[in-house]
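Notes follow once the structure below has been shown.
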Protein chains: 2
Amino acid sequence: MANNFDEDGVGSLSVWAKRCYLAGRALMEDALRPHGLGTTQYYVLHRLATAGPTMQRDFARLLQVERATMSIVIAALVKKGLVEQIPDAVDQRQKLLRLTAAGAILWKELPDLGFIRDAAFGGLSETDIQTAARVLRTATERLQRRLKGDMP
Amino acid sequence: MANNFDEDGVGSLSVWAKRCYLAGRALMEDALRPHGLGTTQYYVLHRLATAGPTMQRDFARLLQVERATMSIVIAALVKKGLVEQIPDAVDQRQKLLRLTAAGAILWKELPDLGFIRDAAFGGLSETDIQTAARVLRTATERLQRRLKGDMP
DNA sequence: ACAACCTTGTTAGATAGCAAACAATATGTC
DNA sequence: GACATATTGTTTGCTATCTAACAAGGTTGT
């Protein structure tokens with residue numbers, strides 16, 4: 001993805017997908033670093049602050065990451081005292097996540113990250129953006145189909 | 001990037017850029033895992049096998065990663081005995097990287113990864129792909145400009 | 001010559017991602 | 001009821017990435 005021995009045609013699209021993702025994430029991290037948060041931690045707080053308490057199980061689907069990854073992100077938030085993990089009354093396996101008071105206070109202090117999207121895509125042709133999104137979505141779905149044992 | 005509370009327009013493009021990158025990387029990792037390599041390690045071997053010995057310094061530029069990241073990737077390859085790090089005769093700071101015999105043998109055994117690109121983008125409209133690449137490149141360059149202290 | 005600066009590489013500590021294996025808990029089926 | 005299976009979360013160990021701080025080696029300016 002990130003080599004430069006294939007910089008044209010189809011090759012460069014994968015390269016730019018990677019670089020675009022990493023550059024956007026780096027800007028997010030710069031904005032969040034003063035608050036001691038990472039990007040995925042931010043998404044978790046966002047969800048809890050705007051949609052209320054949520055099962056940990058559901059975050060894997062929502063954020064499209066593995067259970068193991070969620071475990072680690074949540075553990076970091078719990079260690080910082082921003083999120084509580086409450087075992088469900090009827091199914092002890094599941095854990096409900098909820099903002100703590102400290103988490104709610106921190107959430108209010110966080111900057112608006114919309115400027116990143118504006119910086120990246122503001123002013124570009126809407127149809128070009130939609131074409132790009134469609135191409136990447138198609139490619140992603142094909143790759144994911146192949147990942148999920150769709151192969152001989 | 002990976003939330004699902006902003007799934008349309010400009011928002012979804014960043015989401016799909018991330019997912020496309022990660023899905024492609026996951027397929028690469030599946031193909032390389034039997035050989036005990038990671039994706040960036042593969043790119044380093046590719047360069048050394050096809051372009052010959054290369055200064056470690058230059059890899060940061062070629063692969064667009066930080067010196068610190070290269071240090072870690074190279075250290076892994078050296079530990080596996082696939083790459084040698086040779087201090088330059090005239091400038092002791094710089095290190096030349098070279099495939100070992102074992103590295104050259106392993107390289108020949110590695111599978112061709114072109115199928116991933118074909119799986120992702122094969123058959124899609126060439127102009128759509130170029131539009132997508134142009135949009136992502138523009139966005140990336142804007143983000144990188146802002147990252148490099150181009151801000152008020 | 002010497003001090004100030006620049007370049008290169010490494011280390012430490014952090015986030016984020018995965019797979020594989022494990023533990024605990026539900027939910028089947030017989 | 002008991003054993004097999006599925007779900008949920010954690011742990012371990014790996015890759016990849018970053019920043020920040022450091023060490024060591026060149027370069028430059030006076």
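So that the names make sense, note that chain A is the first sequence line, chain B the second, and so on, each numbered from 1.
Atom CD of B/Glu29 is separated from atom P of C/dA20 by 12 Å (rounded to the nearest Å). Per the geometry, CE belonging to B/Met70 stands 11 Å off C1' belonging to D/dA16, to the nearest Å. Atoms CG (A/Leu45) and P (C/dT15) sit 13 Å apart, rounded to a whole Å. Look at CG on A/Leu27: it is 11 Å from P on D/dT19, rounded to the nearest Å. In this structure, the OH atom of B/Tyr21 is 15 Å from the P atom of D/dT15, given to the nearest Å. Look at NZ on B/Lys18: it is 13 Å from C1' on C/dC18, rounded to the nearest Å. Taking atom CD of residue B/Glu66 and atom P of nucleotide C/dT7, one finds them 14 Å apart after rounding to whole Å. Atom CE in B/Met55 sits about 16 Å away from atom P in C/dT7, given to the nearest Å.
Not counting sequence neighbours, B/Ala68 has no partner by the side-chain contact (heavy atoms from CB on, under 4.5 Å) test. Qualifying side-chain contact (heavy atoms from CB on, under 4.5 Å) partners for B/Ser125, counting only residues two or more places apart in sequence or in other chains: B/Thr127, B/Asp128. Applying the side chain to side chain donor-acceptor pair (under 3.5 Å) criterion to B/Ser71, with sequence neighbours excluded, gives no partner residue. For B/Arg67, there are no salt bridge (Lys or Arg N to Asp or Glu O under 4.0 Å) partners at least two apart in sequence or on another chain. Under the rule for a salt bridge (Lys or Arg N to Asp or Glu O under 4.0 Å), the partners of A/Glu141 that lie at least two apart in sequence or sit in another chain are A/Arg137. Shown here are the side chain to side chain donor-acceptor pair (under 3.5 Å) partners of B/Thr54, two or more places apart in sequence or in another chain: B/Arg47. For A/Ala49, the side-chain contact (heavy atoms from CB on, under 4.5 Å) partners two or more places apart in sequence, or in a different chain, are A/Leu99, A/Trp107. Scored by the side-chain contact (heavy atoms from CB on, under 4.5 Å) test, A/Gln94 finds A/Met55, A/Arg57, A/Asp88, A/Asp91 as partners (sequence neighbours excluded).
Within 4.0 Å (heavy atoms only), B/Gln56 reaches sugar-phosphate atoms of the nucleic acid but no base atom. Nucleic acid contact for A/Ser71: base, since at least one base atom lies under 4.0 Å from a heavy atom of the residue. Counting non-hydrogen atoms under 4.0 angstrom, A/Gln41 reaches the backbone sugars and phosphates but no base.
Scanning residues 78-87 of chain A for heavy-atom distances under 4.0 Å to DNA chain C yields A/Lys80. For DNA chain C, none of the residues of residues 103-112 of chain A falls under the heavy-atom distance limit of 4.0 Å.
Taking the side chain as every heavy atom from C-beta outward, A/Leu106 and A/Leu37 approach each other to under 4.5 Å.
Taking 4.0 angstrom as the limit, B/Thr39 places a side-chain polar atom (N or O) nearer than this to OP1 or OP2 of D/dA16. Between B/Thr40 and D/dT15, a side-chain N or O to OP1/OP2 separation shorter than 4.0 Å is absent. In terms of phosphate contacts, A/Thr69 brings no side-chain nitrogen or oxygen within less than 4.0 Å of OP1 or OP2 of C/dA16.
Side-chain atoms of A/Arg142 come within 3.5 Å of backbone N or O of B/Gly122 as a donor-acceptor pair.
Under a hydrophobic-cluster definition in which Ile, Leu, Val, Met, Phe, Trp and Tyr are linked whenever side-chain heavy atoms come within less than 4.5 Å, directly or via other members, A/Ile72 and A/Ile74 are assigned to different clusters. Under the 4.5 Å side-chain heavy-atom criterion for ILVMFWY residues, no single connected hydrophobic cluster contains both B/Leu96 and B/Val44. Cluster annotation: A/Leu63 is connected to A/Leu32 through the hydrophobic network of ILVMFWY side chains, with a link wherever side-chain heavy atoms come within less than 4.5 Å. Under the 4.5 Å side-chain heavy-atom criterion for grouping Ile, Leu, Val, Met, Phe, Trp and Tyr, A/Ile86 is not connected to A/Leu45 through any hydrophobic cluster.
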Atom pairs, protein N/O to nucleotides 3-7 of chain D N/O, distance under 3.5 Å:
{"residue": "D/dT7", "atom": "O2", "partner": "A/Arg93", "partner atom": "NH1", "Å": "3.0"}

Show each protein N/O and nucleotides 20-22 of chain D N/O combination with a separation under 3.5 Å, one pair to a line.
none

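Checking B/Tyr42 against B/Asp88, the closest nucleotide of DNA chain D that is more toward the 5' end is the one next to B/Tyr42. Checking A/Ala76 against A/Asp91, the closest nucleotide of DNA chain C that is more toward the 5' end is the one next to A/Ala76. Nearest-nucleotide assignment on DNA chain D puts the 5′-proximal partner with A/Leu96, out of A/Ile72 and A/Leu96.
For the residue pair A/Lys18 and B/Gln64, no side-chain donor N or O sits within less than 3.5 Å of a side-chain acceptor on the partner.
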